[in-house]
Amino acid sequence: MTLSTRKSPTHFIFAGLPGVGKTTIARRLAARLGAVFLRVDTVEQALAATGKLPLLHMDDAGYRTAVALAVDNLRLGNSVVTDSVNPWPETRRLWLRASDAGGAKSVTVECFCSDWNEHRRRVEERRPDIPGQELPTWENVLARAYTPWDDADVRLDTAVLSEDEAVAAVLRYCFIRHSDQVVPRRSTL
């Protein structure tokens with residue numbers, strides 16, 4: 001493959017509160033596309049494991065490290081799926097700048113669960129999948145500062161979509177967006 005025939009990469013930027021299913025969906029999407037999967041929780045746990053940066057004093061170190069890794073991979077022509085709570089407009093702009101720096105198209109995806117009882121059940125039944133990871137309680141999730149991403153390209157309600165349906169919705173958006181058809185910028189499913 002020559003550089004002139006290489007497709008430009010896509011940066012899939014996920015956001016959502018803990019327990020809504022974003023990691024599962026992001027992982028499945030990355031596997032389906034053969035894209036790089038970058039999870040801020042994994043980066044933060046690795047940084048904390050060094051003993052030099054306790055998790056409570058992480059600030060934005062995990063995000064900034066993951067952003068640098070995303071840019072490196074995008075510049076190589078790899079599509080990247082980033083997974084983080086991504087709670088504020090500032091963190092979202094950080095990821096969008098990474099897309100620009102990596103020469104990639106961006107697809108923004110917010111996952112949410114409209115069924116509070118289901119969301120609570122998921123949070124309370126979750127098990128850590130990263131060594132040393134401490135998961136938030138339901139009270140932590142409720143107290144967390146989070147601004148809904150109303151203008152995300154795709155908004156996925158995981159109370160009504162299966163994981164496979166959610167991945168299909170993101171792929172459908174990409175297919176429509178990158179065709180010659182005129183479609184609305186945002187899709188809530």
Side-chain angles (χ1 to χ4, degrees), residues 9-47 60 62-74 76-89 91-99 102 104-114 118-119 122-123 125-131 133 135-136 141 144 146-175 177-178 186-189:
T10 301
H11 184 193
F12 296 88
I13 304 166
F14 275 74
L17 285 168
V20 296
K22 72 186 167 303
T23 299
T24 302
I25 296 165
R27 267 194 192 125
R28 284 189 183 207
L29 179 65
R32 175 101 182 257
L33 298 174
V36 173
F37 175 70
L38 290 176
R39 183 179 178 194
V40 169
D41 287 347
T42 303
V43 171
E44 289 177 340
Q45 278 306 135
L47 290 170
D60 64 351
Y63 274 83
R64 292 198 179 277
T65 302
V67 163
L69 293 169
V71 171
D72 279 350
N73 277 281
L74 293 167
L76 289 172
N78 299 318
S79 288
V80 174
V81 178
T82 53
D83 168 33
S84 62
V85 172
N86 206 358
W88 308 295
T91 57
R92 296 164 189 165
R93 283 192 295 273
L94 186 67
W95 288 118
L96 291 168
R97 284 195 303 270
S99 299
K105 300 175 292 258
S106 62
V107 175
T108 57
V109 181
E110 181 181 41
C111 297
F112 65 97
C113 183
S114 62
E118 174 62 15
H119 188 185
R122 291 177 189 176
V123 168
E125 292 180 5
R126 281 175 67 190
R127 299 292 168 254
D129 63 341
I130 303 170
Q133 182 184 29
L135 296 174
V141 172
R144 185 168 196 136
Y146 183 86
T147 302
W149 201 351
D150 293 329
D151 64 344
D153 294 320
V154 182
R155 298 188 72 235
L156 303 171
D157 184 351
T158 62
V160 297
L161 293 173
S162 71
E163 295 153 1
D164 290 335
E165 289 169 331
V167 169
V170 174
L171 294 173
R172 189 170 45 254
Y173 171 82
C174 293
F175 176 76
R177 176 179 170 192
H178 299 296
R186 191 176 74 132
S187 171
T188 300
L189 304 166

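Basis for what follows: all heavy atoms, side chains included, without hydrogens, waters or symmetry-related copies. Throughout, numbering of the chain's residues begins at 1 and tracks the sequence. Note that this is a predicted model, so its numbers are computed, not measured.
- Not a single donor-acceptor pair under 3.5 Å links the side chain of Thr147 to the backbone N or O of Trp88.
- A distance-only check finds no donor-acceptor pair linking the side chain of Asn73 to the backbone of Asn78 [under 3.5 Å].
- Taking the side chain to side chain contact (heavy atoms under 4.5 Å, CB included) definition, one finds that Ala168 meets it with Arg172, sequence neighbours left out.
- Taken from CD1 in Ile13 to CG in Asp153, the straight-line distance is 8.5 Å, to the nearest 0.5 Å.
- If you take CG on Leu29 and OG1 on Thr24, they are separated by 12.5 Å, rounding to the nearest 0.5 Å.
- Side-chain contact between Ser84 and Thr91: absent, with no pair of heavy atoms (C-beta onward) separated by less than 4.5 Å.
- Looking at every heavy atom in both residues, Leu135 comes nearest to Pro128 through CD1-N, 3.5 Å.
- Leu17 places a side-chain heavy atom less than 4.5 Å from the side chain of Arg144.
- For residues 63-72, every residue pair satisfying the side-chain hydrogen bond (donor to acceptor under 3.5 Å, both in side chains) rule, not counting sequence neighbours, is listed here: Asp60-Arg64.
- The environment of Arg32 atom CZ is sparse: at most 12 non-hydrogen atoms of other residues, nucleotides or ligands sit within 6.0 angstrom.
- Taking each heavy atom of Arg28 and Glu163 in turn, the nearest pair found is NH2-OE1, 2.8 Å.
- With hydrogens and angles disregarded, no donor-acceptor distance shorter than 3.5 Å links the side chain of Lys22 to the backbone of Phe14.
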Exercise for the section: Check the pair Val67, Trp95 against side-chain contact (heavy atoms from CB on, under 4.5 Å), reporting the backbone distance first and the verdict last. Expected result: CA-CA 7 Å; Val67 163; Trp95 288 118; 3.5 Å; yes
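- No cation-pi contact links Arg155 to Tyr173, judged by a cut-off of 6.0 Å to the six-membered ring centre and 45° from its axis.
- Put simply, the side chain of Val80 does not reach to within 4.5 Å of the side chain of Phe12, judged on heavy atoms.
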Which donor-acceptor pairs under 3.5 Å do side chains of residues 35-43 form with protein atoms, sequence neighbours excluded?
from	atom 1	to	atom 2	distance (Å)
Arg39	NH1	Asp129	OD1	3.1
Arg39	NH1	Asp129	OD2	3.0
Arg39	NH2	Asp129	OD1	3.2

Exercise for the section: Check step by step if side-chain hydrogen bond (donor to acceptor under 3.5 Å, both in side chains) holds for Arg122 and Thr158. Expected result: CA-CA 11 Å; Arg122 291 177 189 176; Thr158 62; 2.8 Å; yes
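- A distance-only check finds no donor-acceptor pair linking the side chain of Glu110 to the backbone of Ala152 [under 3.5 Å].
- The shortest non-hydrogen separation linking Cys111 to Val20 is O-CG2, 3.5 Å.
- Of all non-hydrogen atoms in Tyr146 and Pro87, the two that sit nearest each other are CD1-CA, 3.5 Å.
- To the nearest 0.5 Å, the span separating OG1 on Thr82 from CG on Leu74 amounts to 9.0 Å.
- The two residues Arg126 and Pro18 come nearest to each other via the heavy atoms NH1-CB, 3.5 Å.
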Practice task
Please test Val167 against Ile25 for side-chain contact (heavy atoms from CB on, under 4.5 Å), starting from the C-alpha separation and ending with a verdict.
Solution key: CA-CA 6 Å; Val167 169; Ile25 296 165; 4.1 Å; yes
Exercise for the section: Go through the steps to decide whether Val170 and Leu156 satisfy the test side-chain contact (heavy atoms from CB on, under 4.5 Å), and finish with yes or no. Expected result: CA-CA 9 Å; Val170 174; Leu156 303 171; 3.9 Å; yes
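- Here the closest non-hydrogen pair linking Asp157 and Ser114 is OD2-OG, 2.6 Å.
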